[in-house]
Amino acid sequence: MGEVVGGFGGYATRRKQEGVFQYTMVADGSQGVSFDPEKLAQIPEKDRRWAWVEVDLNAIRHNIAQVRSRVGQSRRLLAVVKADAYGHGAVRVAKTALNSGADYLAVATVDEGIELREALINAPIMILAEPPASSIPLLLAYKIMPSIYTAEFAIQYAEAADSCGLKAPYHLAVNTGMNRIGVHHSEVVSFLKQVDFHRALDLKGVFTHFATADSSDDLDFRLQLNRFKEAVAAMRAAGFDPGLVHCANSAASIRYPEALFDMVRMGIVMYGYHPCPETMALVDLRPAMSVHARITDVRMLRMSEGVGYGLHYRSRGSVKTCTIPVGYADGYMRCLSGKVDVICKGQLLHQVGNICMDQAMFEVDLRTSATRERIDPQIGDEVIVMGRQGNAEITATELARIADTIEYEVCIGFSHRMPRYYV
């Protein structure tokens, strides 16, 4: 027997031998109605809930081409697809990036790398950190290169690889001042002498990460860059081949030609956002993500009637309030309440009331105005939460500024629960 559905006077059960989903009424003991699960599965996700994310793969291709034009044809491109490609979908973005000229992929966790391998992606994959030693069998099985900065991990990794008759490829992380991970820049040669005896270890690259490449003040950036150059020079002088030398993140790859070396890492620029104001005049980027919804409720409110939890917003009369099924569980942060707009029928309309976990409201002024076209949205009309419609646009940069955060967090937030479609 199936589980009783509270409040609905019925229960649902799947009859395995017949392969159907049956909903049986309890009240009169009738046979109920059977549904074909294959047909149920064909109902699109955005027809189950009127909220979804769209990702423009052509925008990603365009952004990669822009980076390529800045760094030249000789350098390799590493596409950073960690955190589910910043919320854009790791597998689809990785395949698009590789087809658009990227050579390498970077992730943050072992499981992120496995996801790409299981999607039949064969490009080199590196992890931008040193994972737990217990994950070493997975690194070897799925051919995922770790970053290394502790001798203990390096030896365990090499021993495990050697026992299987394999090499242990890795990238050496160098700490030049960000003080997050990495071998201290002054100790790189001594570290390599400590581990290089192992025949399985295979140094494929050396890298560092800048803390202030997106800052208008380049003093700390210059200091880190010089430390990195000195560390690489010391490696070569000691007889070590550093492999691929890379340090340029999104900001550095656009702003500082002297930091390009053998490979650059495309992070936020690949998704269409500028890492700092200084890059805006240097490269043309197109945001790839947009957030959409359809109106689920409309209502006319009398003067001073409240809207949403706490009733912090009160109607000013001659307005219609509309509800969309997007809330802070979907990444539409509660701190944006009453501070942002949405777009409907090409017009910017103000969001009102507290953004709820699953829903948000906006207001439409129904009064006649000589400066704008009067619109009257209805249930089912499309609304843009982030993106462009006509001449109106709401960007992740704008939402990030209001929320006092960065575009990365905005994009990742919108990927939590809504279905994602590629256009």
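- Heavy atoms only, all atoms of each residue included: I412 and A83 are closest at CD1-CB, 3.9 Å.
- At most 12 heavy atoms of other shown residues, nucleotides or ligands fall within 6.0 angstrom of atom CZ in R199.
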- Task: Please lay out, stage by stage, how Y422 and I60 fare under the test side chain to side chain contact (heavy atoms under 4.5 Å, CB included).
- Result: CA-CA 11 Å; Y422 294 92; I60 290 175; over 6 Å; no

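- Within 6.0 Å of CZ in R222 there are more than 12 heavy atoms belonging to other residues, nucleotides or ligands.
- When each of V283, I254, D214 is tested with H274 by the rule side chain to side chain contact (heavy atoms under 4.5 Å, CB included), just one qualifies, namely V283.
- Residues E278 and S216 have side chains in contact (heavy-atom distance under 4.5 Å, counting atoms from C-beta outward).
- Counting only heavy atoms from C-beta outward, the side chains of V80 and M270 never approach each other to under 4.5 Å.
- In this structure, L366 and I375 approach most closely via the heavy-atom pair CD2-O, 3.6 Å.
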- Query: Are R49 and D358 close enough, and set up right, to give a salt bridge (Lys or Arg N to Asp or Glu O under 4.0 Å), and what steps lead you there?
  - Reply: CA-CA 11 Å; R49 180 189 181 209; D358 315 300; 5.2 Å; no

- Task: I would like to know whether K95 and I121 meet side chain to side chain contact (heavy atoms under 4.5 Å, CB included); could you show each step before the answer?
- Result: CA-CA 7 Å; K95 290 181 177 180; I121 291 174; 3.9 Å; yes

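- When all heavy atoms of A151 and Q194 are compared, the closest pair comes out as CB-NE2, 3.5 Å.
- Nearest heavy-atom pair across G353 and Q351 is O-NE2, 2.8 Å.
- Residue E38 places its CD atom among 12 or fewer non-hydrogen atoms of other residues, nucleotides or ligands, all under 6.0 Å distant.
- Side chain of Q389 to main chain of K345: a donor-acceptor pair is present (N/O by atom type, distance under 3.5 Å, no hydrogens or angles).
- The cationic atom of R117 (NZ for Lys, CZ for Arg) does not lie both less than 6.0 Å from the six-membered ring centre of Y142 and within 45° of the ring axis.
- Among the candidates F414, Y86, Y408, the single residue satisfying the ring-ring contact (aromatic ring centres under 6.0 Å, His included) test with Y271 is Y86.
- No more than 12 heavy atoms of other residues, nucleotides or ligands shown are found within 6.0 angstrom of CE on M357.
- Residue R334 places its CZ atom among 12 or fewer non-hydrogen atoms of other residues, nucleotides or ligands, all under 6.0 Å distant.
- No side-chain donor-acceptor contact under 3.5 Å links T323 to the backbone of T296.
- Using the six-membered ring where Trp is involved, H246 and H171 have ring planes that are perpendicular, over 60° apart on the 30 and 60° scheme.
- Within the 4.5 Å cutoff, the side chain of Q359 has no heavy atoms near those of the D297 side chain.
- Within a 6.0 Å radius of CZ in R76, other residues, nucleotides and ligands contribute 12 heavy atoms or fewer.
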- Check against side chain to side chain contact (heavy atoms under 4.5 Å, CB included), R92 and L57: CA-CA 8 Å; R92 290 296 296 271; L57 296 177; 3.4 Å; yes

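- For the 3.5 Å distance criterion, the side chains of D56 and H62 fail to qualify, holding no donor opposite an acceptor.
- No side-chain donor-acceptor contact under 3.5 Å links D196 to the backbone of L192.
- One N or O on the side chain of S147 and one on the backbone of I127 form a donor-acceptor pair closer than 3.5 Å.
- In this structure the side chain of S415 never reaches within 4.5 angstrom of the side chain of H88, judged on heavy atoms.
- For R68 (side chain) and A102 (main-chain N/O), no donor-acceptor pair under 3.5 Å exists by modelled atom type.
- Between H292 and W52, the angle of the ring planes stays under 30°, which puts this pair in the parallel group of the 30/60° scheme.
- Residues V385 and I394 have side chains not in contact (no heavy-atom distance under 4.5 Å, counting atoms from C-beta outward).
- Side-chain atoms of D47 do not come within 3.5 Å of backbone N or O of E45 as any donor-acceptor pair.
- The two atoms that bring L128 and I181 nearest to each other are O-CD1, 3.5 Å, heavy atoms only.
- The two residues L172 and V188 come nearest to each other via the heavy atoms CD2-CG1, 3.8 Å.
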- From CA spacing to verdict: side chain to side chain contact (heavy atoms under 4.5 Å, CB included), R388, S290: CA-CA 8 Å; R388 175 185 288 274; S290 56; over 6 Å; no

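- For the pair V291/D330, no side-chain contact is recorded, criterion being any heavy-atom separation below 4.5 Å from C-beta on.
- Atom CG of residue N63 and atom OG of residue S250 lie 10.0 Å apart, to the nearest 0.5 angstrom.
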- How far apart are the C-alpha atoms of Y170 and Y157, what are their side-chain angles, what is the distance that settles it, and do they pass the ring pair (Phe, Tyr, Trp, His ring centres under 6.0 Å) test? CA-CA 10 Å; Y170 72 100; Y157 179 46; 7.3 Å; no

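- A donor-acceptor distance shorter than 3.5 angstrom exists from the side chain of N354 to the backbone of Y309, with no hydrogens or angles considered.
- For the pair K320 (side chain) and P377 (backbone), a donor-acceptor distance under 3.5 Å is present.
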- Task: Show your working on salt bridge (Lys or Arg N to Asp or Glu O under 4.0 Å) between K229 and E258 and close with a plain yes or no.
- Result: CA-CA 10 Å; K229 288 179 177 179; E258 63 271 36; over 6 Å; no

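- Looking at heavy atoms from C-beta onward, F261 lies out of side-chain contact with V232 at the 4.5 angstrom threshold.
- Sparse packing is recorded around CG of N391, with 12 or fewer heavy atoms of other residues, nucleotides or ligands lying under 6.0 Å away.
- Between the side chain of R255 and the backbone N or O of A213, at least one donor-acceptor pair lies under 3.5 Å.
- Here L399 contributes atom CG and E407 contributes atom CD; the two are 9.5 Å apart, rounded to the nearest 0.5 Å.
- Counting only heavy atoms from C-beta outward, the side chains of L244 and K204 never approach each other to under 4.5 Å.
- Without hydrogens or angle criteria, R294 side chain to W50 main chain gives no donor-acceptor distance under 3.5 Å.
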